[in-house]
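We use all heavy atoms of the structure for the numbers below, so side chains are in, but hydrogens, waters and symmetry mates are not.
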Amino acid sequence: AAAGAAADARARRRRDAGENPAVTTGAPETNAFGSSAKNSVSLPDPLADPSAAKRRRRAARLAHGAAMALAWLFFAPAGALVARHGKASRTWFSTHQAFGTTVAVLTVVSAYFITSTRGFSTPWGKHGKTGGAVLVLTSIQALGGRYRKRFPRSRWSKWHRSVGVAAVCLGAYNCLAGAAMLEWMEVGYGSALVAARFAAAAWAVAAAALEVRRRNAGAARKRGRTA
C-alpha cells in the first residue's frame with residue numbers, strides 16, 4: 001500500500017510539472033503487489049490532455065455565447081418592451097415575469113458554467129468583469145420582482161425600471177463584445193458580430209418606434225381632455 005501511495009505521489013508531481021503521467025523514467029517501479037510497473041497498463045490522465053482541455057473550453061465558449069445571446073438579445077429586450085408598451089394585454093405581466101425569469105436562469109447558469117470551465121482562480125478580462133456587473137443587476141431585478149410588494153409602488157417602479165434598462169443595455173453591449181471575441185478566437189464564426197449588431201439595432205429601432213407611438217398617444221389624449 002505504501003509503494004502504491006508513493007507511485008501515485010510521483011505521478012501527481014509529474015503531472016503538475018507538465019509531464020504525461022503515463023510515461024515512466026528511471027528504474028522500474030513496483031506496485032502494491034510487488035510486480036514491476038512495466039508489466040502494468042498505464043492510461044494517460046484525460047485531464048492532463050491539452051487537446052481535451054482545449055475542446056472543453058471551446059464547447060463552453062460556444063454554449064455560453066449562445067445562451068447569453070438568447071437571454072440578452074431576445075428575452076431581455078422583449079420582456080422590457082412588453083412591460084413598457086404591452087399593458088393593454090391581460091397577459092403582459094405573466095409574459096414579462098416569464099421572460100425575466102428566463103433571463104435570470106440563463107445568466108446565472110451560463111456564468112457558473114463558463115467560470116467553472118475556465119477555473120475559478122483564472123483572472124477575468126473586461127468582458128468577464130462586465131458580465132459580473134450584468135449578473136449583479138440581474139440578481140437585483142429578480143429579487144426586486146420577488147419582493148416588490150414590500151416597497152412603495154411608485155418608488156419601486158422607478159428603480160426597477162432604471163435597473164432594468166441598465167441591465168438590458170449592459171447585457172446587449174457585453175453580447176457584442178463577446179461576439180467580437182468569438183470571431184477572432186474561433187474559426188467559422190466570422191458573422192457573429194454582424195448578427196449581434198443586427199439584433200441589437202433591430203431592438204433599438206423597435207423600442208424607439210414604440211416610444212414615439214406611446215408619446216403621440218399620450219399627447220392626443222391630453223388634447224382630447226382640453227378640447
Side-chain angles (χ1 to χ4, degrees), residues 59-179 196 199-211 213-215 217-218:
R61 281 195 298 268
L62 296 178
H64 173 74
M68 292 298 89
L70 188 62
W72 294 102
L73 294 178
F74 178 72
F75 283 110
L81 293 184
V82 166
R84 178 69 174 171
H85 304 287
K87 292 182 179 178
S89 172
R90 294 182 179 180
T91 61
W92 79 267
F93 181 76
S94 60
T95 302
H96 173 70
Q97 192 176 47
F99 281 16
T101 302
T102 302
V103 170
V105 171
L106 286 174
T107 302
V108 171
V109 173
S110 183
Y112 177 81
F113 177 63
I114 191 66
T115 303
S116 62
T117 303
R118 293 177 75 253
F120 290 96
S121 60
T122 305
W124 285 99
K126 182 179 179 181
H127 178 70
K129 293 176 181 178
T130 304
V134 172
L135 182 61
V136 170
L137 292 175
T138 303
S139 301
I140 293 174
Q141 282 293 86
L143 292 174
R146 177 66 177 81
Y147 298 105
R148 65 188 182 279
K149 295 182 179 180
R150 299 187 180 185
F151 302 95
R153 181 66 182 180
S154 59
R155 183 181 302 175
W156 178 87
S157 296
K158 289 180 180 179
W159 72 255
H160 184 69
R161 185 182 304 115
S162 300
V163 174
V165 170
V168 170
C169 293
L170 195 60
Y173 164 79
N174 217 32
C175 280
L176 296 179
W203 283 113
V205 170
L210 290 172
E211 191 64 27
R213 189 177 71 172
R214 175 190 174 93
R215 293 178 181 273

Within this structure, what is the [atom1]-[atom2] distance for the pair [X] and [Y], rounded to the nearest 0.5 Å?
{"X": "Leu73", "Y": "Leu176", "atom1": "CG", "atom2": "CG", "result": "6.5 Å"}
{"X": "Leu137", "Y": "Cys169", "atom1": "CG", "atom2": "SG", "result": "10.5 Å"}
{"X": "Glu211", "Y": "Arg84", "atom1": "CD", "atom2": "CZ", "result": "4.5 Å"}

Would you mind telling me which of Thr102, Val105, Thr107 makes a side chain to side chain contact (heavy atoms under 4.5 Å, CB included) with Phe75? Thr102

Could you check if a side-chain atom of [X] sits within less than 4.5 angstrom of a side-chain atom of [Y], using non-hydrogen atoms only?
{"X": "Tyr112", "Y": "Leu135", "answer": "no"}
{"X": "Val168", "Y": "Trp203", "answer": "no"}
{"X": "Trp72", "Y": "Asn174", "answer": "no"}

Where is the tightest heavy-atom contact between [X] and [Y], given as atom of each residue plus distance?
{"X": "Leu170", "Y": "Ala133", "result": "CD2-CB, 3.9 Å"}
{"X": "Ala207", "Y": "Leu81", "result": "CB-CD2, 3.8 Å"}
{"X": "His127", "Y": "Ala177", "result": "ND1-CB, 4.0 Å"}

Give the ring-plane orientation class for His96 versus His160, where under 30° counts as parallel, over 60° as perpendicular and anything between as tilted. perpendicular

Which class fits the ring pair Trp159 and Phe151: parallel under 30°, tilted 30 to 60°, perpendicular over 60°? perpendicular

Check salt bridge (charged side-chain N to carboxylate O under 4.0 Å, His left out) between Arg90 and all other residues, then give those that pass, not counting sequence neighbours. none

Which residues pass the salt bridge (charged side-chain N to carboxylate O under 4.0 Å, His left out) test with Arg61, not counting sequence neighbours? Glu186

Would you verify whether the NZ or CZ of Lys87 falls within 45 degrees of the ring axis of Trp92 while also being under 6.0 Å from that six-membered ring's centre? yes

Contacts of His85 meeting ring-ring contact (aromatic ring centres under 6.0 Å, His included) (sequence neighbours excluded), chain-then-number -> none

Output yes when a side-chain donor or acceptor of [X] lies under 3.5 Å from a complementary backbone atom of [Y], and no otherwise.
{"X": "Arg118", "Y": "Pro123", "result": "yes"}
{"X": "Trp156", "Y": "Lys149", "result": "no"}
{"X": "Ser116", "Y": "Phe113", "result": "yes"}

Any side-chain donor near an acceptor of the partner, Trp124 and Thr115, under 3.5 Å: no

Just checking Arg148: does its CZ atom have more than 12 heavy atoms from other residues, nucleotides or ligands closer to it than 6.0 angstrom? yes

